[in-house]
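Written out below as structure tokens is the structure these notes cover.
Counting starts at 1 for both ligands and their atoms, in listed order. For the numbers below, each heavy atom of this structure counts, side chains included, while hydrogens, waters and symmetry mates do not. Being a predicted model, the structure only gives us computed values, none of them experimental.
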Amino acid sequence: MNAPLPAAALEQQCVNAVRFLAVDAVQKANSGHPGLPLGAAPMAYTLWTRLMKFDPAQPHWFDRDRFVLSAGHGSALLYSLLHLTGYDLTMEQLQQFRQWKSKTPGHPERGVTPGVEVTTGPLGQGFANGVGMAMAEAHLAARFNKQGHTLIDHYTYALVSDGDLMEGVASEAASLAGHLKLGKLIYLYDDNNVTLSAGTDITFTEDRQARFDAYGWHTQMVDDGNDLAAIEKALRAARDETTRPSLILVRTHLGFGSPNKQDSFEAHGSPLGADEVKLTKRQLGWPEDQQFYVPDDVRARFAEVAKRGAQSAADWQQRYDAYKKQFPDLGIELDQLMKVDGGHLPAGWDVDVPTFDADPKGIATRVASGKVMNAIAARLPALVGGSADLDPSTYTALKNTGDFEPSGSDGLDQQGSNGGAGWSYAGRNLHFGVREHAMGAILNGIAAHGGLLPFGATFLIFSDYMRPSIRLAALMKLQVAYVFTHDSIALGEDGETHQPIEQLASLRAIPGLTVIRPADANETAAAWRVAVESRHGPVALALTRQAVPTLDRHQFAPADGLLRGAYVLADAANGKPDLILIASGSEVHLIVEAQQALLQQNVQARIVSMPSWELFDQQSQDYRDSVLPPEIVARLAVEMGSPQGWHKYVGTAGDVLGIDRYGASAPAEVLLREYGYTVENVCARAKALLRASALR
Ligand SMILES: Cc1ncc(C[n+]2csc(CCOP(=O)(O)OP(=O)(O)O)c2C)c(N)n1
């Protein structure tokens, strides 16, 4: 046994172990990014071993500090840390980096690797996810911590890179985080002046520190990214700063230690090469002929960290038990919240879901949605969210549940506040400002944090602005609800810039996202049920601006048919349909009228409400055939949007009344007429279909 190393030398060994596990993994895979781990290992090591609170044996411990590797291309760094600190990530897994079905995929993936909080890789997203996590922490702390019982008390850390800071989503999120004074958000910026293809000199020369100062962040600079003491000092100062998020600009070298590649973009995204790996190891005093080498004293040092983490988690459990004794009701609520994203909804959460009376005039589905949300909010304390500056239009304010704003802002202009319960982090109404993309990514962060069911709202057209985050929500299987209103050209005078055409089709193209376009108020209530009960990913509701009739459910099939994605709203009068009319949302009312008009012309039509393709596709073949019998090939789909995809349901013999050009600025009635959304045109298209099928 060798004599123990002096502390500083041991720490250097630990940093090198982190570095070279990553470098060896990349080299073995012959694919990956060695540059970031070599440069950023010291700051990551310092954070993970000297400050962060986590228990590798319980990756989901609720009060753990959250860590986001926003620069997800540096995944090998994270895997090294997870392995060394004792998460369930074996050396074999490190050796399987980037291989089929390994737990070490190319970029970090939530749900694949224990300890990975969010999927990162698309730059900027992780930055904004962290803001969501810090908001969730601040919110839950405000709701549950009591004098002498600080139960929710963790930091959100991230490692962010040049690419992260260049992306717009990070700017949006940084601006909001500064406004919200999220003091427990601490980011280490790997300030290495090099990106994938170039030095930052040719693209990124603003004063980053001044920029973040202007956002209201607390900023510090560490000149030497290898100086563990300086990094630790800055991290501690960041923690002492309680009313501003922190950015620590750490000057590092991409590919640190590589004699021929350091500071060059060649170190960014390709293996160094076997010879260069050896040279780098030699340069940093690491055994050059060993791969995946971890000295015993390094293992022992990391084991201490794990032990400390286990102790923190055990202490927390004791404090939680004491809390539950003293505050039994809050304890039950928190117990339930901590499990809510695992599918544990409070018993009776839905008893107040309203039923809407039949009404030919009806209400807009956005209005119905607002009523449903407000009805369920009291029994669903996990529900939080807001809009990107569109509350008066999206009807998503949760009345009298407070506004999520820093307390002490009382002197400010409180227009737009939802009133009733004041401004504090305990408020359940989140105000995102006009920042759709950050809203999407923040919702992901809140959902990934756990304990809350977040929703976000904007016009359907602007879902495009948040699409990258929606995709990641689906990829991560996060439970997020999107409320997208103004869902068709029927929004009218705002014109083609605001009228969604391809948005439904493009959202439906996202695997794992459930898109629901309810036809009336009662279908909207059922749609919210799907959103709240969803376990496998996000749900997007597409809602009307204009009033739509509330169908008489004595005359038509019950609205809970929505739960199966599509259902026969009313069959042909004689039970033997000549054709099937299918529609979603507001167009359902058009086919309801068309069915009657066709009957006058001796055409027997079945009408099908099809609010959700994804839900329908999950049904049994028998059920699907019962709604769309294969022998009835004359089928007309009616939807005010791109026809793309509808042929899956109408078949090659069917037709789609869709829109494959942009909208226009005019009153809704004019647009509906001009675009052919009239009873006459639906009937004409239906009869043309029948004629064509007779000729077959
Ligand atoms: C949204 C997005 N655009 C592009 C990429 C491809 N990409 C991966 S890393 C990178 C830039 C790397 O520069 P930096 O963030 O400074 O990381 P470093 O080179 O320091 O590792 C790019 C463009 C990406 N991952 N995400």
Subject >> Stepwise ring-ring contact (aromatic ring centres under 6.0 Å, His included) test for F302 and W48 >> reply: CA-CA 10 Å; F302 277 103; W48 278 60; 9.3 Å; no
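Cation-pi geometry between R19 and F256 is not met at under 6.0 angstrom from the ring centre and within 45 degrees of the axis.
Backbone and side-chain nitrogen or oxygen atoms of V194 are examined, and one is located within less than 3.5 angstrom of a nitrogen or oxygen of ligand 1. Considering backbone and side-chain N/O atoms, P122 never comes within less than 3.5 Å of an N/O atom of ligand 1. Considering backbone and side-chain N/O of L254, none are found under 3.5 Å from N/O of ligand 1.
Residue L196 touches ligand 1 through backbone and side chain together, judged by heavy-atom distances below 4.0 Å. Contacts of E167 with ligand 1, taken as heavy-atom pairs under 4.0 Å, involve the side chain alone. When heavy-atom distances to ligand 1 are checked against a 4.0 Å cut-off, N192 comes that close only through its side chain, counted from C-beta outward. Residue contacts with ligand 1 for T200 are absent, since no atom lies close enough (heavy atoms, distance under 4.0 Å).
Residue G121 has at least one heavy-atom neighbour below 4.0 Å for each of these atoms of ligand 1: 24 (C), 25 (N), 26 (N). Residue G163 has at least one heavy-atom neighbour below 4.0 Å for each of these atoms of ligand 1: 14 (P), 15 (O), 16 (O). Contact atoms of ligand 1 toward D162: 15 (O), 16 (O) (distance under 4.0 Å to a heavy atom of the residue).
Two rings, from Y187 and F127, have their centers less than 6.0 Å apart.
When only non-hydrogen protein atoms are considered, atom 12 (C) of ligand 1 lies nearest to H268 CE1, 3.3 Å. Among all non-hydrogen protein atoms, the one lying nearest atom 13 (O) of ligand 1 is T195 CA, 3.1 Å. At the top of the distance list for atom 21 (O) of ligand 1, counting protein heavy atoms only, stands H73 NE2, 2.7 Å. When hydrogens are left out, the protein atom nearest atom 5 (C) of ligand 1 is L123 CD1, 4.1 Å; that is the closest non-hydrogen contact.
One finds a salt bridge joining K184 and E137 here, because a Lys/Arg side-chain nitrogen approaches an Asp/Glu carboxylate oxygen to under 4.0 Å. For D389 and R435, the salt-bridge test fails: no basic side-chain N is under 4.0 Å from an acidic carboxylate O. Between K281 and D24 there is a salt bridge, with a side-chain nitrogen of the basic residue lying less than 4.0 Å from a carboxylate oxygen of the acidic one. Looking at R236 and E232, a side-chain N of the basic residue comes within less than 4.0 Å of a carboxylate O on the acidic one, giving a salt bridge.
Around NZ of K477, the count of heavy atoms belonging to other residues, nucleotides or ligands within 6.0 Å does not exceed 12.
Contact annotation for atom 24 (C) of ligand 1: protein present (non-hydrogen atoms, distance under 4.0 Å).
Heavy atoms of A71 stay at 4.0 angstrom or farther from ligand 1.
By the 4.5 Å heavy-atom criterion applied to side chains, Y189 and S70 are not counted as neighbours.
Using the six-membered ring where Trp is involved, H33 and H73 have ring planes that are tilted, between 30° and 60° apart.
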